[in-house]
Amino acid sequence: MELIPVLPHLQAVLNLTAALLLLSGFQAIRRRDVETHRKRMIAAVIVSAVFLVSYLIYHASVGNVKFAGEGWIRPVYFTILIAHVTLAAFSLPLIFFTLRRAPWPLLGSTCEPHRRVARKTFPVWMFVSISGLVVYALAFHLYPPTP
Ligand code: HEM
């Protein structure tokens, strides 16, 4: 079986996994369970890093995928796609600073700087994961590419 055509489906699974990890990590910190929060957020970072590698390999090998939808769906699709890609790029430094400012036990850092940046990172990252799933559903299932 060829690997490249499978990558968009793998990326959708990774996106969904990241969204679920983020949500449960957020619920964990709301109930003050720092250990679960830390583990879920680190898992979300790892899953998203695997997504990014897979995304880069896919687009390096197939280039741009032409969207097959016609009519009113095109501006809808491209608006979601542009918002998704722009916020995905923006989320990278946000995630970096959220981790950098996290209260790591050995560094003795405090919570407040983490919380301030994390409250921006969480909704942006969540939007990126969910809009990635919407783009995938539109481009590969509702308006599949013609062979
Ligand atoms: C990029 C990954 C992470 C994200 C997106 C994230 C997100 C968040 C968010 C949104 C809050 C605020 C919750 C609220 O105020 O209701 C928070 C709080 C917190 N996070 Fe994270 N977090 C991440 C990684 C970590 C890590 C790695 C640790 C531990 C080393 C950690 C420890 C904490 C703690 C202790 C709080 C509570 C802060 C307080 O009560 O002032 N987080 N995080």
Side-chain angles (χ1 to χ4, degrees), residues 1-65 67 69 73-145:
M1 191 176 71
E2 238 211 290
L3 176 69
I4 298 297
V6 179
L7 291 183
H9 310 295
L10 171 72
Q11 285 155 22
V13 173
L14 292 170
N15 249 329
L16 180 63
T17 310
L20 294 175
L21 285 166
L22 277 177
L23 204 59
S24 72
F26 185 73
Q27 284 168 340
I29 202 63
R30 278 293 160 105
R31 24 168 230 277
R32 306 266 123 225
D33 182 351
V34 176
E35 195 44 31
T36 305
H37 172 71
R38 187 179 65 84
K39 284 183 182 152
R40 299 275 153 87
M41 292 315 197
I42 291 173
V45 172
I46 294 169
V47 165
S48 298
V50 175
F51 168 88
L52 187 59
V53 171
S54 162
Y55 179 89
L56 294 175
I57 292 173
Y58 181 74
H59 285 283
S61 95
V62 301
N64 269 346
V65 181
F67 179 57
I73 194 64
R74 289 188 76 80
V76 173
Y77 173 79
F78 285 108
T79 303
I80 300 171
L81 182 64
I82 290 167
H84 170 75
V85 173
T86 310
L87 286 177
F90 190 58
S91 73
L92 292 180
L94 274 179
I95 293 168
F96 174 79
F97 284 118
T98 306
L99 283 177
R100 178 75 184 74
R101 291 174 181 181
W104 300 102
L106 291 178
L107 298 181
S109 32
T110 55
C111 287
E112 195 41 39
H114 170 70
R115 202 215 309 237
R116 246 182 287 132
V117 64
R119 283 193 165 181
K120 297 181 181 68
T121 309
F122 176 73
V124 170
W125 197 356
M126 211 55 204
F127 174 86
V128 169
S129 302
I130 292 170
S131 58
L133 286 170
V134 174
V135 166
Y136 165 75
L138 286 170
F140 288 93
H141 291 282
L142 297 172
Y143 301 92

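In each ligand, atom 1 is the first atom listed, and ligand 1 is the first ligand listed. For the numbers below, each heavy atom of this structure counts, side chains included, while hydrogens, waters and symmetry mates do not.
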> Which word best sums up how the rings of H9 and F140 line up, parallel for under 30°, tilted for 30 to 60°, or perpendicular for over 60°?
Replying inline: perpendicular
>> Taking distance alone, with N or O pairs closer than 3.5 Å, would you say E112 contacts ligand 1?
In response: no
> Which option out of C111, A28, A43 puts a heavy atom nearest to atom 39 (C) of ligand 1?
Replying inline: C111
> Minimum heavy-atom separation for V128 to A88, with atom names?
Replying inline: CG2-N, 3.6 Å
> Can you check whether M41 reaches L21 side chain to side chain, under 4.5 Å on heavy atoms?
Replying inline: no
> Applying a 4.0 Å heavy-atom criterion (strictly less than), which segment of R32 is in contact with ligand 1: side chain, backbone, both, or neither?
Replying inline: side chain
> At a 4.0 Å threshold, what atoms of ligand 1 neighbour a non-hydrogen atom of W125?
Replying inline: 1 (C)
>> Taking atom CZ as the centre, does R74 end up with more than 12 heavy-atom neighbours from other residues, nucleotides or ligands that are less than 6.0 angstrom away?
In response: yes
>> Can you give me the closest heavy-atom contact between V47 and L14, atom names plus distance?
In response: CG1-O, 3.3 Å
>> Among all the protein's non-hydrogen atoms, which is closest to atom 14 (C) of ligand 1, and how far away is it?
In response: R119 NH2, 3.4 Å
> Relative to the ring of F67, is the ring of Y77 parallel (under 30°), tilted (30 to 60°) or perpendicular (over 60°)?
Replying inline: parallel
> Side-chain contact, heavy-atom cut-off 4.5 Å: F122 with T98?
Replying inline: no
>> Please list the nearest protein heavy atom to atom 27 (C) of ligand 1 with its residue and the distance rounded to 0.1 Å.
In response: W104 CH2, 3.5 Å
> Residues two or more places apart in sequence or in another chain: which of them pass ring-ring contact (aromatic ring centres under 6.0 Å, His included) with Y58?
Replying inline: none
> Against heavy atoms of V34, which atoms of ligand 1 measure under 4.0 Å?
Replying inline: 35 (C)
>> If you define the side chain from C-beta out and look only at heavy atoms, does anything of N15 sit under 4.5 Å from Y55?
In response: no
> What number of protein N, O or S atoms occur at distances under 2.8 Å from atom 21 (Fe) of ligand 1?
Replying inline: 2
